[in-house]
Structures are given as structure tokens and as C-alpha cells.
2 protein chains.
Amino acid sequence: MEETLIPTALCPKVEHAFEILGKKWTGLILRHLMTKTCRFNEIQDAIPELSGRMLTERMKELEAEGIVIRTVIPERPIKIQYSLTDKGRQLEPVIRSIEEWAELQD
Amino acid sequence: MEETLIPTALCPKVEHAFEILGKKWTGLILRHLMTKTCRFNEIQDAIPELSGRMLTERMKELEAEGIVIRTVIPERPIKIQYSLTDKGRQLEPVIRSIEEWAELQD
DNA sequence: GTTTTTTAATTACTTTTAGTAACCTAAATA
DNA sequence: TATTTAGGTTACTAAAAGTAATTAAAAAAC
């Protein structure tokens with residue numbers, strides 16, 4: 001028997017959100033940035049298993065998504081600051097609810 | 001200068017939570033299971049880009065985590081039902097907050 | 001009463017993503 | 001002068017995900 005399928009396509013916004021959060025390290029990086037503006041190495045120190053290579057890659061992605069801003073502080077020495085945009089700060093309930101769930105577990 | 005570092009280790013529970021949610025497809029699968037108990041192919045149909053191979057793998061992981069229960073319905077023909085455990089249902093605020101954030105985006 | 005379809009997978013193989021380690025430049029510190 | 005620090009990049013390896021073919025057991029179609 002043949003059937004005409006009009007597949008209930010997933011909403012692209014929701015799909016995209018899960019795509020961003022579904023990448024390794026993204027959640028933990030955002031969690032750290034929730035508390036304060038951070039320098040590159042601060043994030044690395046906070047998440048020891050995260051390599052510099054991966055952190056660079058994730059920060060570029062998050063910047064491209066408009067979730068994070070990268071700022072060059074033109075002092076001597078030059079510093080790079082990463083902070084959340086409004087869009088990034090709006091992810092706070094997501095990060096908070098994950099942490100709350102985590103704390104409930106045995 | 002040398003420094004004695006007592007690294008502020010990430011809480012393992014939180015790390016583990018982000019590890020589970022940080023895998024591709026996990027969020028979308030859980031989102032679908034939030035609404036109802038599902039059969040294997042129902043989930044596949046709801047998420048067309050998700051292959052059977054990946055769905056099998058994720059369901060095994062989620063079962064091992066105690067987030068999902070797999071039930072064999074011994075009727076003719078045999079059916080496999082997947083549903084959330086309490087632990088799984090407690091992830092509802094996580095899934096809901098991701099959806100809410102997604103809907104805010106342009 | 002064979003053939004085809006459906007369900008819930010498994011297996012083999014390819015591609016993409018992540019991890020490791022070495023290197024880089026400019027400035028700071030020992 | 002030599003080493004360290006910050007914030008990366010590059011080349012290579014390992015792990016995760018994607019694709020496609022196969023499977024078994026039952027149901028439906030022919």
C-alpha cells in the first residue's frame with residue numbers, strides 16, 4: 001500500500017539549537033562563560049580535558065553563532081576576552097537546568 | 001615561579017550530564033520521548049536524518065544511563081517500546097528551555 | 001504458498017569530528 | 001640570554017558518526 005507522506009519536518013530553529021548544544025564541550029564552555037568574561041586560558045584551566053585546539057574551534061563556532069564575542073584588549077600585553085552576547089546569556093536557563101538535573105543524580 | 005595548583009576539578013556529575021547531552025541526536029531523541037512512549041521507527045520517522053544505526057546506539061546509551069526503558073511487548077507481532085524513566089522525565093526542563101531559546105532566535 | 005514488506009536491529013566500510021603533539025610569534029619574566 | 005606565557009595554527013591519529021547492505025521473524029500482498 002502506498003501512502004502520501006507529508007513528513008512533519010522538525011522546526012529548523014529547534015534542530016539548530018540541538019545541533020549547537022549537541023557538540024562536545026559547548027555546554028561546559030558556555031557554563032563557564034555564564035559566570036564571567038574569560039580569557040582563553042582561563043577556560044582551558046577550568047576544563048582541563050579540553051585542548052586548546054578544540055577550544056579555538058568551539059569559540060569560532062560560538063562567535064559565528066552570535067553567542068559569544070571575542071574582544072582584543074589592546075594593552076601591553078594584548079589580551080583576548082571572551083564574553084556572552086545577549087543571545088548567549090539567554091541560554092542561562094538551559095545551562096542551569098542541566099546542572100540542576102546533574103545534581104539530582106545519585 | 002612555581003605554584004601549587006589544586007585545580008578546581010569540575011564536578012563529575014555536571015561533567016557527565018554535559019557529556020550525555022553533548023552527543024549528537026540525544027537531545028532530539030529525548031525531546032520526542034517527552035511527548036509519549038515511542039516505537040523505534042516512530043522516532044526515526046520524527047527525525048528523518050537520524051539513521052537506524054545511530055538510533056540503536058543512542059537508545060542503548062540512554063538505557064544504560066537509566067534515562068530510557070526498553071520494553072518488549074510480547075504480542076503478535078512483537079513490538080519494542082521506548083519510554084522515559086523518572087530520571088529521563090526530569091530532563092523536561094532542559095529540553096523545554098532549549099526549545100524556548102530556539103524559538104527566540106530570528 | 002511464494003514473494004514482498006515491516007520492524008528492530010547488526011556488520012562492514014567511509015567520512016567527519018575530536019584528540020595529541022609539535023610549532024609559532026610577541027611580549028614578559030628569570 | 002633563556003624560558004615562560006598567551007593565543008593560537010598545523011599535521012597527524014583516534015574516535016564518533018554516516019551510509020549501505022544484510023538479517024530474522026512475522027505479516028501482508030499477490
Side-chain angles (χ1 to χ4, degrees), chain A residues 1-5 7 10 15-16 18-30 32-33 36-65 68-83, chain B residues 1-5 7 10 15-16 18-30 32-33 36-65 68-83:
Chain A
M1 195 210 279
E2 204 184 315
E3 255 192 74
T4 310
L5 286 184
L10 267 179
E15 216 172 345
H16 189 232
F18 279 102
E19 213 176 276
I20 297 169
L21 277 314
K23 288 196 169 183
K24 202 166 174 180
W25 304 118
T26 302
L28 285 176
I29 293 168
L30 291 175
H32 203 74
L33 285 170
K36 59 174 175 39
T37 289
C38 292
R39 296 183 65 183
F40 191 87
N41 287 355
E42 274 185 90
I43 303 172
Q44 269 200 291
D45 294 348
I47 312 169
E49 295 160 293
L50 169 61
S51 70
R53 190 191 153 289
M54 267 298 107
L55 182 52
T56 303
E57 200 169 307
R58 286 293 169 271
M59 292 320 260
K60 281 184 185 165
E61 287 165 8
L62 292 171
E63 215 194 335
E65 290 290 341
V68 156
I69 328 168
R70 181 182 185 275
T71 314
V72 180
I73 310 282
E75 287 167 4
R76 341 252 56 236
I78 284 165
K79 287 177 187 176
I80 313 289
Q81 296 273 30
Y82 291 97
S83 49
Chain B
M1 192 212 282
E2 205 185 315
E3 256 191 74
T4 310
L5 287 182
L10 268 179
E15 217 173 344
H16 189 230
F18 279 103
E19 211 177 278
I20 297 168
L21 276 316
K23 288 198 170 183
K24 201 166 176 182
W25 304 117
T26 303
L28 285 177
I29 292 168
L30 291 175
H32 203 74
L33 285 170
K36 57 176 177 36
T37 290
C38 292
R39 297 182 64 184
F40 190 87
N41 286 356
E42 273 185 272
I43 302 171
Q44 269 201 292
D45 293 348
I47 312 169
E49 294 159 294
L50 169 61
S51 70
R53 190 190 153 290
M54 269 298 108
L55 182 52
T56 302
E57 200 170 306
R58 286 293 166 273
M59 292 320 262
K60 280 185 185 162
E61 287 165 9
L62 292 172
E63 215 194 334
E65 290 291 341
V68 156
I69 330 167
R70 181 181 184 277
T71 315
V72 179
I73 311 283
E75 287 166 2
R76 344 254 54 237
I78 284 163
K79 287 176 187 180
I80 313 289
Q81 297 272 28
Y82 291 96
S83 48

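Naming convention: chains lettered A, B, ... in sequence-line order (proteins, then strands); numbering from 1 in each chain.
Out of C:dA8, C:dA28, D:dG8, the shortest distance to the side chain of A:I80 is found at D:dG8. Residue B:N41 places its side chain closer to C:dA8 than to any other of C:dA8, C:dG19, D:dA17. Out of D:dG7, D:dA17, C:dA27, the shortest distance to the side chain of A:P77 is found at C:dA27.
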Anything under 3.5 Å between a protein N or O and an N or O of nucleotides 10-13 of chain D, put it in a table, one pair a line.
from	atom 1	to	atom 2	distance (Å)
D:dA11	N6	A:R53	NE	3.3

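Atom CD1 in B:I69 sits 12.5 Å away from atom CG in B:L62 (nearest 0.5 Å). Here the straight-line distance linking atom NZ of A:K23 with atom CD1 of A:I29 works out to 11.5 Å at 0.5 Å rounding. Distance check, rounded to the nearest 0.5 Å: CH2 of A:W25 to NE2 of A:H32 gives 13.5 Å.
A search for side-chain hydrogen bond (donor to acceptor under 3.5 Å, both in side chains) contacts involving A:E42 returns A:K36, not counting sequence neighbours. For B:L21, the side chain to side chain contact (heavy atoms under 4.5 Å, CB included) partners are B:L30, B:L91, not counting sequence neighbours. In this structure A:Q81 satisfies the side chain to side chain contact (heavy atoms under 4.5 Å, CB included) test together with A:T37, A:R39, A:T71, A:I73, sequence neighbours excluded.
Per the geometry, CD1 belonging to A:I73 stands 15 Å off P belonging to D:dA6, to the nearest Å. The CE atom of B:M54 sits 15 Å away from the P atom of D:dA15 (whole-angstrom rounding). Counting to the nearest Å, the P atom of C:dT16 and the CD atom of B:E49 are 15 Å from each other. Spacing between atom CD1 of B:I43 and atom P of C:dA9 amounts to 10 Å, rounded to whole angstrom units. Atom pair B:R70:CZ and C:dT7:P shows a separation of 15 Å (rounding to whole Å applied). Atom CG in A:L55 sits about 14 Å away from atom P in C:dT20, given to the nearest Å. The interatomic distance linking B:F40 (CZ) with C:dA8 (C1') rounds to 6 Å, in whole Å.
With DNA chain C read from its 5' end, the first of the two nearest nucleotides for A:K24 and B:I78 is the one closest to B:I78. Nearer to the 5' terminus of DNA chain C, by closest-nucleotide assignment, is the contact made by B:R39 (compared with the other of B:R39 and A:G22). Place B:L50 and A:Q81 on DNA chain D by their nearest nucleotides, and A:Q81 ends up nearer the 5' end.
Between A:W25 and C:dG19, a side-chain N or O to OP1/OP2 separation shorter than 4.0 Å is present. A:Y82 has a side-chain polar atom (N or O) that falls below the 4.0 Å cut-off from OP1 or OP2 of D:dG8.
DNA chain C lies under 4.0 Å from at least one heavy atom of each of the following residues of residues 56-65 of chain B: B:T56, B:K60.
Of all the heavy atoms in A:A46 and B:L10, the pair that sits closest is O-CG, 3.9 Å.
When side chains are defined from C-beta on, B:Y82 counts as touching B:V68, because their heavy atoms get closer than 4.5 Å. With contacts defined as side-chain heavy-atom distances shorter than 4.5 Å, the pair B:L28/B:I43 does not qualify.
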Determine all donor-acceptor pairs shorter than 3.5 Å in which one atom belongs to a side chain in residues 51-59 of chain B; sequence neighbours excluded.
from	atom 1	to	atom 2	distance (Å)
B:S51	OG	B:M54	N	3.3
B:T56	OG1	B:G52	O	2.9
B:R58	NE	B:K24	O	2.8
B:R58	NH1	B:E61	OE1	3.1
B:R58	NH1	B:E61	OE2	3.0

